[in-house]
Chemist: 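Got a structure for you, written out below as structure tokens; questions coming shortly.
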Amino acid sequence: MTAPSPRPVPDGFDFTDPDLIADRVPHAEFAELRRTRPVYWNPQPPGHGFDDGGLWILTRHADVRTASVDSRLFSTHANTAVVRYFQGIDADAMDVQRNHLLINIDPPDHTKLRKIVQRGFTPRAIGRMSDALAERADRIAARAADKGGGDFVTDVAMELPLQAIADLIGVPQRDRGRLFAWSNEMLGYDEPEYTVDPAVASAQILEYAMALAADRREAPRRDIVSALVNADVDGRGLTDDEFGFFVILLAVAGNETTRNAITHGMLAFLDHPGQWERFRRERPATAADEVVRWATPVIAFQRTATDDTEIGGVPVEKGRRVGLYYSSANFDEEVFTDPFAFDIGRDPNPHLGFGGTGAHYCLGANLARMEIGLIFNAIADRMPGLRALGPPERFRSSWINGVKHLPVRYR
């Protein structure tokens, strides 16, 4: 990706339009806004969860980080974290999103729930998975290499995150395909390829996960599900429905995002063969964070102002939504030297691809880094000559920077 020339942003330009994201991430427009209007009023059509006319979007790294850190002034609970839902979503469905998903809960309730679930994401817990995931990554790459060619997304990128989640939460590996389908259908409300009602897909994941939690409550095992539902943190563990919604979150945060980071990372290596040769030689620990910065799988989340305030010199009224555009912040020229250079040795790399800092920093950041490093190690070992056979087919979404298909030859 070469540095885009800033492109004028006409009044009424909608950065949450899924047709826009299906075509590209609007880096040229982001560059213009960072330069001229870093806090931009983004209009939205009604009926996609919000009928307030639109939201302010933040494009500079400093402003996105400020709103990420201050949970008191910028609430995720008030209007949830998603900038745009499917047409016709009703109030009950919005309330379910708001009241049950960890990402949509503010401190102090968020802090209490996070204290329970983070037991599965300690450095020790993640470290214990390393050898097994390395073996899985090698098998995934070997199996793809034996095929000769195929779809990189389904053959390679999706497999390690799915297998890791399945191991983490006790889903039998034979069921990981169901989890993959449900998560795609749940997020694919703007994507014509997926025809299942996202509410139905969410209900299917929830039902599956709650049954898993009930089983472990009755017959505990030495796994994370048993640890979470039978925990004694401040006198309690997760209820069955809390665990169910946690699995829904994992299906997005631990599957969709890492899978898309791996796919975009492979595309970046293909476009920058010098960096691929460097990776094959050096395997730098900094590579995973550069992949995440470059990909920024979650384009944006939102917060809602709990009081009249000001950000980036622009007044923001109480109740107004504010979009945290990580895909712009991660290419901010004021923070990153030559941001449109893919540099796997970039250090420091203060990207916001894991949600900035603050209460909602990604629980699974270290697991994602591990998975990205392991799968690219395996690709470099098993199929270093991988090449694309055609352009990627992008995912139609208002907030996910996704790739559905990527045809490749593995050797």
Side-chain angles (χ1 to χ4, degrees), residues 1-2 4 13-31 33-34 42 57-59 61 64 68 81-85 103 151-154 156-158 161 180 183-184 186-194 251-272 288-302 323-332 336 339-340 342 349 351-356 362 364-365 368-369 371-372 375 388 391-406:
M1 188 191 327
T2 57
F13 191 89
D14 183 3
F15 285 88
T16 71
D17 183 349
D19 284 331
L20 170 66
I21 305 305
D23 181 55
R24 62 189 173 90
V25 176
H27 283 296
E29 288 85 355
F30 284 146
L33 290 186
R34 287 194 300 272
N42 187 101
I57 72 169
L58 311 180
T59 57
H61 187 283
V64 171
S68 299
V82 174
V83 294
R84 173 170 163 157
Y85 288 94
I103 197 171
D151 185 343
F152 181 83
V153 174
T154 54
V156 180
M158 83 168 197
F180 173 73
S183 62
N184 276 341
M186 186 173 60
L187 293 183
Y189 49 80
D190 286 320
E191 174 52 61
E193 183 170 324
Y194 307 117
V252 177
N255 168 29
E256 295 282 342
T257 56
T258 308
R259 179 229 305 175
N260 284 313
I262 291 168
T263 304
H264 283 295
M266 193 72 252
L267 285 165
F269 279 125
L270 292 172
D271 288 341
H272 300 81
D289 273 298
E290 181 68 347
V291 165
V292 173
R293 182 191 75 88
W294 189 263
T296 313
V298 174
I299 294 170
F301 276 143
Q302 70 177 8
L324 282 56
Y325 270 74
Y326 311 118
S327 283
S328 177
N330 282 346
F331 291 83
D332 189 339
F336 300 97
F340 289 93
F342 180 62
N349 192 345
H351 69 81
L352 304 180
F354 291 121
C362 177
R369 290 186 180 101
E371 292 171 6
I372 292 166
I375 199 64
E393 187 176 343
R394 290 182 56 81
F395 187 68
R396 186 176 184 272
S397 172
S398 58
W399 58 281
I400 293 286
N401 184 23
V403 175
K404 295 187 298 181
H405 304 292
L406 175 61

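Residue numbers start at 1 and run along the sequence shown.
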Chemist: Do V83 and F301 have side-chain heavy atoms sitting under 4.5 Å apart?
Modeler: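 V83 vs F301: side chains apart.
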Chemist: Looking at OG1 of T59 and CG of D332, how far apart are the two atoms once the value is rounded to the nearest 0.5 Å?
Modeler: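 Interatomic distance, T59 OG1 to D332 CG, rounded to 0.5 Å: 7.5 Å.
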Chemist: Checking the side chain of N401 only, and the main-chain atoms of V25 only, is there a donor and an acceptor separated by less than 3.5 Å?
Modeler: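 Not a single qualifying donor-acceptor pair exists.
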Chemist: Quick one: are L270 and F152 in side-chain contact, heavy atoms under 4.5 Å?
Modeler: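 Of all side-chain heavy-atom pairs linking F152 with L270, none is under 4.5 Å.
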Chemist: Considering only heavy atoms from C-beta outward, does the side chain of T257 approach that of C362 to under 4.5 Å?
Modeler: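 No - every pair of side-chain heavy atoms lies 4.5 Å or more apart.
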Chemist: Should the pair R259-E371 be classified as a salt bridge under the 4.0 Å nitrogen-to-oxygen rule?
Modeler: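 Salt bridge flag = no for E371 with R259.
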Chemist: Check whether any side-chain heavy atom of L20 lies under 4.5 Å from a side-chain heavy atom of D14, and answer yes or no.
Modeler: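 In short, these two side chains do not touch, never coming nearer than 4.5 Å.
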Chemist: Grab the two heavy atoms, one from V292 and one from G353, that are nearest each other, plus how far apart they are.
Modeler: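 V292 and G353 have their closest heavy atoms at CG1-CA, 4.0 Å.
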Chemist: Can a donor-acceptor pair be found, under 3.5 Å and without considering hydrogens, that links the side chain of Q302 to the backbone of V82?
Modeler: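 Present.
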Chemist: Is there side-chain contact between I375 and V156, with heavy atoms separated by less than 4.5 Å?
Modeler: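 With C-beta onward as the side chain, the pair touches.
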Chemist: Would you check if the side chain of S397 reaches a backbone N or O of W399 as a donor-acceptor pair within less than 3.5 Å?
Modeler: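 Such a contact is found between S397 side chain and W399 backbone.
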Chemist: For the residue pair F15 and N42, what are the closest heavy atoms and their distance?
Modeler: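 In this case the closest contact between F15 and N42 is N-OD1, 2.7 Å.
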Chemist: Go through the steps to decide whether T263 and F395 satisfy the test side chain to side chain contact (heavy atoms under 4.5 Å, CB included), and finish with yes or no.
Modeler: CA-CA 12 Å; T263 304; F395 187 68; over 6 Å; no
Chemist: Step through it carefully: locate the ring centre of F331, locate the ring centre of F336, and say whether they are under 6.0 Å apart.
Modeler: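 Ring centres of F336 and F331 not closer than 6.0 Å.
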Chemist: Measuring from H351:NE2 to R293:CZ, what's the distance to the nearest 0.5 Å?
Modeler: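 Spacing of NE2 (H351) from CZ (R293) equals 9.0 Å.
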Chemist: What residues form a salt bridge (charged side-chain N to carboxylate O under 4.0 Å, His left out) with R394, not counting sequence neighbours?
Modeler: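 Expected list: none.
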Chemist: Please test E393 against V403 for side chain to side chain contact (heavy atoms under 4.5 Å, CB included), starting from the C-alpha separation and ending with a verdict.
Modeler: CA-CA 6 Å; E393 187 176 343; V403 175; 5.7 Å; no
Chemist: Mind checking whether D19 and R396 have side chains closer than 4.5 Å, heavy atoms only?
Modeler: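 Of all side-chain heavy-atom pairs linking R396 with D19, at least one is under 4.5 Å.
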Chemist: Please examine the side chains of I262 and P161, heavy atoms only from C-beta on, and report whether any two atoms are closer than 4.5 Å.
Modeler: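 Contact flag for P161/I262 side chains = yes.
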Chemist: Determine yes or no for a side-chain-to-main-chain donor-acceptor pair under 3.5 angstrom, with T296 supplying the side chain and S327 the backbone.
Modeler: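 Not at all, since once roles are kept as given, no pair shorter than 3.5 Å links the two residues.
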Chemist: What's the spacing between L267 CG and W294 CH2 if we round to 0.5 Å?
Modeler: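 Atom-to-atom, L267:CG and W294:CH2 are 11.0 Å apart.
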Chemist: Assess whether side chain to side chain contact (heavy atoms under 4.5 Å, CB included) is satisfied between H264 and V291, documenting all intermediate values.
Modeler: CA-CA 8 Å; H264 283 295; V291 165; over 6 Å; no
Chemist: Do the side chains of R34 and S328 get nearer than 4.5 Å, heavy atoms only?
Modeler: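 Contact flag for S328/R34 side chains = yes.
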Chemist: Among residues at least two apart in sequence or on other chains, which ones pass ring pair (Phe, Tyr, Trp, His ring centres under 6.0 Å) with Y325?
Modeler: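 Here the qualifying residues are F30.
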Chemist: Could I get the full list of ring pair (Phe, Tyr, Trp, His ring centres under 6.0 Å) partners for F269, not counting sequence neighbours?
Modeler: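 In terms of ring pair (Phe, Tyr, Trp, His ring centres under 6.0 Å), with neighbours along the sequence ignored, F269 is linked to W276, F279, F342, F376.
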Chemist: If we ignore hydrogens and angles and just use 3.5 Å, is the side chain of D151 paired with the main-chain N or O of L406 as donor and acceptor?
Modeler: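 Here the side-chain-to-backbone pair exists.
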Chemist: L324 and S68: side chain to side chain contact (heavy atoms under 4.5 Å, CB included), yes or no, with the steps?
Modeler: CA-CA 8 Å; L324 282 56; S68 299; 3.3 Å; yes
Chemist: Between the side chain of N260 and the main-chain N/O of P297, is any donor-acceptor distance below 3.5 Å?
Modeler: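 Checking the backbone N and O of P297 against the side chain of N260, no donor-acceptor pair under 3.5 Å is found.
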